[in-house]
Every structure is written in structure tokens, then in C-alpha cells.
Number of protein chains: 2
Amino acid sequence: MPGPDAARALRKDAAANRERLLRAASELFAQRGLDVTLNDIARYAGVGVGTAYRRFANKEEVIDALFEERMTQVEQVAREAAEDPDSWSGLLHFLEGALDLQHGDRGLTQMMNNPVLGDARVAEVRDRIAPLVTVLVERAKAEGVVRPDLDQTDLIFVQLALSAVMDRTRGLAPDLYRRYLTVFLDGIRTDRGTFTPLPVPPLTAYETHEAMTRASRRRPG
Amino acid sequence: MPGPDAARALRKDAAANRERLLRAASELFAQRGLDVTLNDIARYAGVGVGTAYRRFANKEEVIDALFEERMTQVEQVAREAAEDPDSWSGLLHFLEGALDLQHGDRGLTQMMNNPVLGDARVAEVRDRIAPLVTVLVERAKAEGVVRPDLDQTDLIFVQLALSAVMDRTRGLAPDLYRRYLTVFLDGIRTDRGTFTPLPVPPLTAYETHEAMTRASRRRPG
DNA sequence: CACTAACCGGATAGCAAATATCCGCTTGAC
DNA sequence: GTCAAGCGGATATTTGCTATCCGGTTAGTG
């Protein structure tokens with residue numbers, strides 16, 4: 001009885017189904033977040049539930065299989081940002097880029113903000129990304145383009161804060177969060193003569209009420 | 001068969017138990033959020049489950065009974081803020097006050113940010129508070145102390161964003177959110193010569209990892 | 001083509017957690 | 001003293017997800 005995915009070549013159809021499952025999971029996670037069911041994923045993939053469970057022991061294994069590639073995207077953004085010769089635009093690039101990824105993928109937000117996976121797995125990725133963020137912030141501080149009391153960890157929490165807005169306004173004004181990103185940036189930049197124009201109009205009072213009144217997820221935070 | 005709480009005087013012991021239940025609910029909601037069970041509440045109140053269900057048809061009815069007084073606190077803060085002769089300090093007072101209330105009451109955050117109650121109920125409260133916020137923002141804009149593209153609805157979303165941080169760091173650095181409130185305020189104030197010192201130290205990298213790695217609730221969001 | 005190990009679908013068993021009821025016993029109020 | 005009102009808490013019900021099982025199908029090989 002080989003556990004799911006013992007390291008042995010799968011039959012062609014099985015391998016194909018595994019791929020369909022991963023693609024389906026990827027889409028569903030992006031649209032609806034990580035709490036879709038493995039059964040949902042199977043149905044969406046056009047495959048029996050049994051097949052899903054034969055290929056993956058449980059949902060976490062599916063998440064794990066997608067975790068790497070998603071986090072690599074984030075790492076990529078951080079790396080580009082850290083390599084930007086202009087430290088301010090690097091910072092900008094990182095925050096905008098990371099948030100934009102989450103913007104297109106609800107599951108990614110949950111992967112980044114929740115303990116969905118084993119500590120070890122998460123720690124490994126963090127150890128790859130954290131140093132880049134440190135560079136980003138320290139460099140900007142050294143050059144005096146941002147407030148001196150800014151900390152690397154602040155970027156994490158800002159991202160967390162803004163993703164809460166994103167989540168609430170998804171499907172109504174999905175990029176409203178960019179208003180607050182802009183305000184935040186104006187709050188940390190040294191050379192702010194005049195305000196950076198807000199890139200997105202505010203919601204009307206009615207729309208705001210709509211947004212706050214919609215069901216969340218079930219749950220998420 | 002009178003439904004729970006038909007408008008008829010309760011026997012003395014019954015009335016007392018109702019009070020104990022409400023007090024228990026208030027504390028549990030504050031500590032653990034709205035998703036505690038009616039059974040939890042009964043146990044905490046030192047009362048049988050049956051008693052709880054005799055007094056309230058379900059948890060929502062308990063929330064509803066507490067909703068009013070909680071929201072009145074928020075309204076109070078908004079009113080004080082709107083009456084502050086200094087429009088900037090009014091704004092400050094509102095945001096700090098509202099967030100501080102949430103700081104001490106996890107359930108309140110959920111009441112404010114989630115559709116836990118009927119639309120009608122929420123709409124009524126909103127109609128009482130929204131005008132005050134409008135005054136606050138419009139006045140500050142008119143006096144030129146904040147950026148002209150600030151909108152009243154922005155205060156709502158900032159509060160939402162910061163409460164996400166608060167929720168994540170509760171029990172580790174419960175007032176970390178004040179860092180980001182300060183940055184936000186620096187991002188909207190016109191007369192910022194120098195940065196407002198951040199009122200709270202950042203988390204260490206390790207603490208940040210801790211915070212992001214802890215279980216959320218079940219979920220919320 | 002014949003054969004079989006691998007694979008498939010999806011009904012359904014299992015499980016967990018919350019909700020809500022029921023009923024025999026107790027107590028406040030008149 | 002009487003009894004409607006109230007009490008406790010074991011337990012039935014519900015809900016929604018997780019995971020298995022098994023009869024039927026198919027890829028791959030000689």
C-alpha cells in the first residue's frame with residue numbers, strides 16, 4: 001500500500017489527473033481561498049473524490065505542493081526590489097508587488113498571513129525572504145529616504161493590514177487598498193513635499209456599507 | 001408557550017440569571033470574540049445550558065442585546081471627537097478611541113467589521129455614527145489640516161486595517177497597531193514637519209514570526 | 001489480443017463541533 | 001400550600017468536512 005505519491009512513476013492518466021487537480025486547486029484557492037474542500041477541488045477538476053484522495057493525503061498536502069511556487073513569486077518580487085538601485089522605488093516595488101500578488105490570489109494571502117502550514121516549511125521560506133526585506137529597509141533608512149524609526153517588520157504588518165482591506169472589498173473595489181498603501185508610504189517617506197495623489201477613488205458611503213455588510217468567508221481571517 | 005423573552009416580567013431568579021448570562025457573554029465576547037458558544041456562555045455564567053436557551057433563542061439574540069451598548073460607546077467617542085474644537089485632535093481622538101475600545105473587546109471588532117447582525121440593526125447604528133465621522137473629516141479638510149483627498153470612508157477602512165494587526169498581535173504586543181496608526185496619521189496630516197515618533201517599539205523578527213504563526217481563531221476574520 | 005496492476009468515480013461511512021430540546025426536579029410568588 | 005415558572009445538563013439533531021471502499025475501467029506490456 002504505497003502512500004499517496006510514493007516516489008514511483010505514475011501511470012500517464014494518473015499523472016494527468018494529478019496535474020488537473022493541482023491546476024484546479026490553484027484556481028479555486030485563488031478565487032475562494034484555502035478553505036475550499038478537497039471534494040470541491042476534485043469536482044472542479046472534473047475528477048472523482050477518490051482520485052483526489054489517492055493523489056494527496058489531505059488538503060494540506062495540496063497546499064504544500066503549491067506553496068513553494070507561490071512563495072517563490074513573492075521572493076522574486078523581494079529580490080527585484082532589493083536589487084533596485086533606487087532604494088525608495090525598491091521599497092515601493094516590494095509592497096506593491098507583494099500586494100498585487102495577493103490581489104490576484106486569495107489563497108496566497110492566507111498562506112502569508114496564517115499558520116496554514118508546518119512551522120518548518122514556513123520558517124524556511126521566511127529565511128529566504130526576510131533578509132531581502134532587511135536590506136530594503138536598512139538601505140532606505142541609511143540613505144535617509146524613510147523615517148529612521150521604520151523597521152523591517154513593519155512591512156510585514158502593513159501588508160497584513162492592507163490585505164484585510166483587500167479581502168473586504170474584493171469584488172466591489174478590489175484595489176481600494178492602494179489608497180491606504182499610498183497614505184502609508186506618504187507616512188514613511190522623508191522627502192514628502194506634497195501628498196502623493198491617491199490612486200483610487202474612495203468608496204461611496206453606500207458602497208462602504210455594502211463592503212462591511214457582506215459575508216466574509218466563513219471565516220478568516 | 002411564550003417565546004424566549006416574551007414581554008412579561010421574569011421571576012426574580014430568572015431575571016438574575018439573564019443578567020449573569022449577559023455579563024458572562026460580555027466578558028467572553030471581549031476575551032475570545034463572538035464565536036464562543038451559547039453553551040460556553042452558560043457554563044461561564046454558572047448556569048445550565050437550558051437556562052441560556054430559555055432566555056435567548058440563540059447566540060445572535062445575545063449579541064443583539066449587547067450590540068446597542070457597545071455601539072453607543074463608539075458613538076460616544078465619535079461625538080466627543082466631533083465636538084472637539086481642534087479638528088485634528090478630534091480626528092485623533094476618534095481613531096484612537098474607537099481602536100482602543102476594540103483593543104479591549106475582541107467581540108466589538110467583529111461587530112464592527114462583520115455582518116454578524118441584521119442589516120436593519122446595523123444600518124440604524126451607522127446612520128447615527130456616519131454623520132459624525134463626516135463632520136470630523138470635512139471639518140479637518142476645510143481647515144486644511146489633512147490632505148484634501150481624504151474621505152470619510154477612509155477612516156472606516158483604516159480602522160479595519162489596523163484591527164487586523166491588533167487581532168494578530170493580541171497577547172504578544174497588543175498595542176503594536178498604534179505604530180501604524182501613527183504612520184497613517186503622518187500620511188494624512190498637512191503640517192507634518194517632522195515625523196511623529198512611533199509610540200511603540202517594533203516587534204523583533206522572532207516575535208513577528210511568532211505572531212504570524214499563531215492560530216487565528218477558526219478563522220476571521 | 002489478453003492480461004493485470006494501476007487507476008477511476010462517487011456513494012457513503014466516519015467524525016467533530018455546534019445547536020437546540022426535553023424532562024424530571026426545584027423554587028419563587030401569591 | 002400550590003403550582004406556574006424556572007432550573008440543569010444529558011443528549012438528540014444538524015451540519016459540513018474528511019476519508020474510505022469497492023465494483024467497474026484502462027494503460028501498458030508481451
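These numbers come from a predicted model, not from an experiment. Naming convention: chains lettered A, B, ... in sequence-line order (proteins, then strands); numbering from 1 in each chain.
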N/O (side chain, A:Arg54) to phosphate O (OP1/OP2, D:dA19) under 4.0 Å: no
Quick one: B:Lys59 NZ to C:dA17 P, roughly how many Å, whole number? 15 Å
In whole angstroms, how far is the C1' atom of D:dG8 from the OH atom of B:Tyr44? 20 Å
d(CD1, A:Ile41; P, C:dG10) in whole Å: 17 Å
Nucleotide of C:dG9, C:dA20, C:dA11 approaching B:Tyr53 most closely (side-chain heavy atoms): C:dA20
Results of salt bridge (Lys or Arg N to Asp or Glu O under 4.0 Å) for B:Asp64 - residues two or more places apart only: B:Arg121
What heavy-atom pair brings B:Leu132 and B:Glu75 nearest, and what distance separates the two atoms? CD1-O, 4.0 Å
Let me confirm one number: the OG-OH distance from B:Ser26 to B:Tyr44, rounded to the nearest 0.5 Å. 9.5 Å
Between A:Val47 and A:Asn39, whichever has its closest DNA chain C nucleotide further toward 5' is A:Val47
Any base atoms under 4.0 Å from A:Asn17, or only sugar-phosphate, or nothing? Heavy atoms, all strands. sugar-phosphate
Checking D:dG6, D:dA10, C:dC7 against the side chain of B:Ala14 (C-beta onward), the nearest is D:dG6
Whole Å only: how far is the CG atom of B:Leu38 from the P atom of D:dG9? 15 Å
B:Val62 to B:Ala25 - nearest heavy-atom pair and separation: CG1-CB, 3.5 Å
With distance as the sole test, does B:Arg128 use its side chain to make a donor-acceptor pair with the main-chain N or O of B:Met71 at under 3.5 Å? no
Could you tell me how far apart B:Phe56 (CZ) and C:dT21 (P) are, to the nearest whole angstrom? 16 Å
For side-chain hydrogen bond (donor to acceptor under 3.5 Å, both in side chains), just list the numbers for B:Asn17 and B:Thr51, CA-CA rounded to whole Å, side-chain angles, deciding distance to a tenth of an Å, and then say yes or no. CA-CA 8 Å; B:Asn17 279 338; B:Thr51 303; 5.1 Å; no
How many whole angstroms separate atom CG of B:Asn58 from atom P of C:dA20? 6 Å
Roughly, in whole Å, what's the span from CG in B:Asp40 to P in C:dA17? 12 Å
Please walk me through it: do B:Phe67 and B:Thr72 pass side-chain contact (heavy atoms from CB on, under 4.5 Å)? CA-CA 8 Å; B:Phe67 182 72; B:Thr72 300; over 6 Å; no
Return a single string for nucleotides 25-30 of chain D, one symbol per nucleotide in 5' to 3' order, where B is base contact, S is sugar-phosphate-only contact and - is none, cutoff 4.0 angstrom on heavy atoms. -BSS--
Counting just side-chain N and O atoms, does B:Thr51 come under 4.0 Å of either OP1 or OP2 of D:dG9? no
Calculate the interatomic distance between B:Arg43 atom CZ and D:dA10 atom C1'; express it in whole Å. 13 Å
Which nucleotide, D:dT18, C:dT19, C:dC8, lies nearest any side-chain atom of A:Arg55? C:dC8
